[in-house]
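The structure appears below as structure tokens.
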Amino acid sequence: MAAYYKPFAPLIERIKRDGKCLEGGILKVDSFVNHQIDPTLLQSMSIEFVRRFANKEINKILTIEASGIAPAIMVGFLLNVPVVFAKKKKPSTMNDMLITEVFSFTKQRTYSVCCAKEFLGKGDKVLFIDDFLANGNAAKGIIDLVQQAGAELEGMGFIVEKSFQHGGEMLRKMGYQVESLAIIDSLDNCKITFKA
């Protein structure tokens with residue numbers, strides 16, 4: 001299980017210092033990742049993602065709004081490829097679209113995720129970037145969108161993975177290259193335990 005995992009030390013140290021644990025298996029990293037953003041840490045994490053997917057031919061970064069957008073843009077900048085973010089609400093100006101349903105663990109509801117067909121299609125080699133991997137529901141939605149488009153999903157990069165919710169295990173069994181910079185084994189009793 002641990003063979004695939006390469007912990008990214010600067011992120012681990014930052015979570016230890018500034019991460020907050022809430023009841024119900026929730027880890028808050030909103031002071032440096034997904035509300036207030038530390039640009040220096042974001043840059044170093046994005047460089048690490050680029051390094052881990054260096055063997056892949058990627059011509060598009062895909063994420064879901066909103067908290068995946070910042071890391072996706074930085075990775076797209078470093079790879080010099082476009083970044084597409086799937087929207088959680090259908091814009092009135094979008095007609096020809098790909099659409100899927102995603103259940104949010106955090107918000108405990110299902111929402112539609114859509115992407116214009118003109119921005120995701122055949123020939124695209126896609127890297128999915130997001131902040132958290134828990135049950136893998138957002139990732140499954142992205143897989144569906146990519147398949148509908150006739151594109152190829154080259155890999156998935158996550159800042160934090162919660163292994164006790166088994167999304168990563170599911171995606172790896174499906175054959176995807178999944179790279180997580182920090183893997184949390186447990187948040188029991190509000191104590192953050194990292195995978196060794």
- Evaluation steps, side chain to side chain contact (heavy atoms under 4.5 Å, CB included), between I26 and L187: CA-CA 8 Å; I26 294 169; L187 293 171; 6.0 Å; no
Closest non-hydrogen atom pair between [X] and [Y], with its separation:
X: V83; Y: G76; value: CG2-CA, 3.8 Å
X: L120; Y: A149; value: O-CB, 3.4 Å
X: A72; Y: I129; value: N-CG2, 3.9 Å
X: D130; Y: A138; value: OD2-CB, 4.3 Å
X: F194; Y: A182; value: CE2-CB, 4.5 Å
X: G141; Y: V102; value: CA-CG2, 3.9 Å

- Message: Between C115 and V84, does the side chain to side chain contact (heavy atoms under 4.5 Å, CB included) criterion hold? Intermediate values first, please.
- Response: CA-CA 8 Å; C115 177; V84 177; 3.7 Å; yes
- Message: Tell me if the CG atom of N55 is crowded by more than 12 foreign heavy atoms within 6.0 Å.
- Response: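 Yes, CG of N55 has more than 12 neighbouring heavy atoms, counting only those of other groups under 6.0 Å.
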- For K28, look at atom NZ and say whether over 12 heavy atoms of other residues, nucleotides or ligands are found less than 6.0 Å away.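 No, because the 6.0 Å sphere around NZ of K28 holds 12 heavy atoms or fewer from other groups.
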Please tell me if the side chains of [X] and [Y] come closer than 4.5 Å, counting only heavy atoms from C-beta onward.
X: L127; Y: E154; answer: no
X: I58; Y: V126; answer: no
X: M45; Y: L11; answer: yes
X: V33; Y: F132; answer: no
X: I15; Y: V29; answer: yes
X: V75; Y: F53; answer: no
X: L78; Y: F49; answer: no
X: L27; Y: I184; answer: yes

- Task: Would you check if the distance from the ring center of F128 to the ring center of F158 is below 6.0 Å?
- Result: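 Yes - the distance between ring centres of F128 and F158 falls below the 6.0 Å cut-off.
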Hey, what do you get for [atom1] ([X]) to [atom2] ([Y]), rounding to the nearest 0.5 Å?
X: L133; Y: K162; atom1: CG; atom2: NZ; answer: 9.5 Å
X: C190; Y: L22; atom1: SG; atom2: CG; answer: 6.5 Å
X: R14; Y: T40; atom1: CZ; atom2: OG1; answer: 9.0 Å
X: I143; Y: T100; atom1: CD1; atom2: OG1; answer: 10.0 Å
X: M74; Y: S44; atom1: CE; atom2: OG; answer: 9.0 Å
X: L62; Y: L153; atom1: CG; atom2: CG; answer: 8.0 Å

- Check the pair E48 / E179 against side chain to side chain contact (heavy atoms under 4.5 Å, CB included), numbers first and verdict last. CA-CA 10 Å; E48 181 65 12; E179 296 287 343; over 6 Å; no
- Begin from the C-alpha positions of Y111 and F103 and carry the test ring-ring contact (aromatic ring centres under 6.0 Å, His included) through to its verdict. CA-CA 6 Å; Y111 54 89; F103 178 76; 8.8 Å; no
If only atom types and distance count, is the side chain of [X] paired as donor or acceptor with the main-chain N or O of [Y] below 3.5 Å?
X: Q36; Y: S31; result: yes
X: S180; Y: V160; result: no
X: N59; Y: K125; result: yes
X: S163; Y: I183; result: no
X: E161; Y: D185; result: no
X: R52; Y: K6; result: yes
X: N135; Y: N137; result: no

- Message: I'd like to know whether E169 forms a salt bridge (charged side-chain N to carboxylate O under 4.0 Å, His left out) with K173, so could you lay out the CA-CA distance, the side-chain angles of the two residues, the decisive distance to 0.1 Å, and finally the verdict.
- Response: CA-CA 6 Å; E169 182 183 2; K173 280 182 179 171; 3.3 Å; yes
- Assess whether side-chain hydrogen bond (donor to acceptor under 3.5 Å, both in side chains) is satisfied between S112 and E101, documenting all intermediate values. CA-CA 5 Å; S112 295; E101 299 293 310; 2.7 Å; yes
- Message: Enumerate the salt bridge (Lys or Arg N to Asp or Glu O under 4.0 Å) contacts for residues 53-66, please, sequence neighbours excluded, ordered by first and then second residue.
- Response: K60-D124
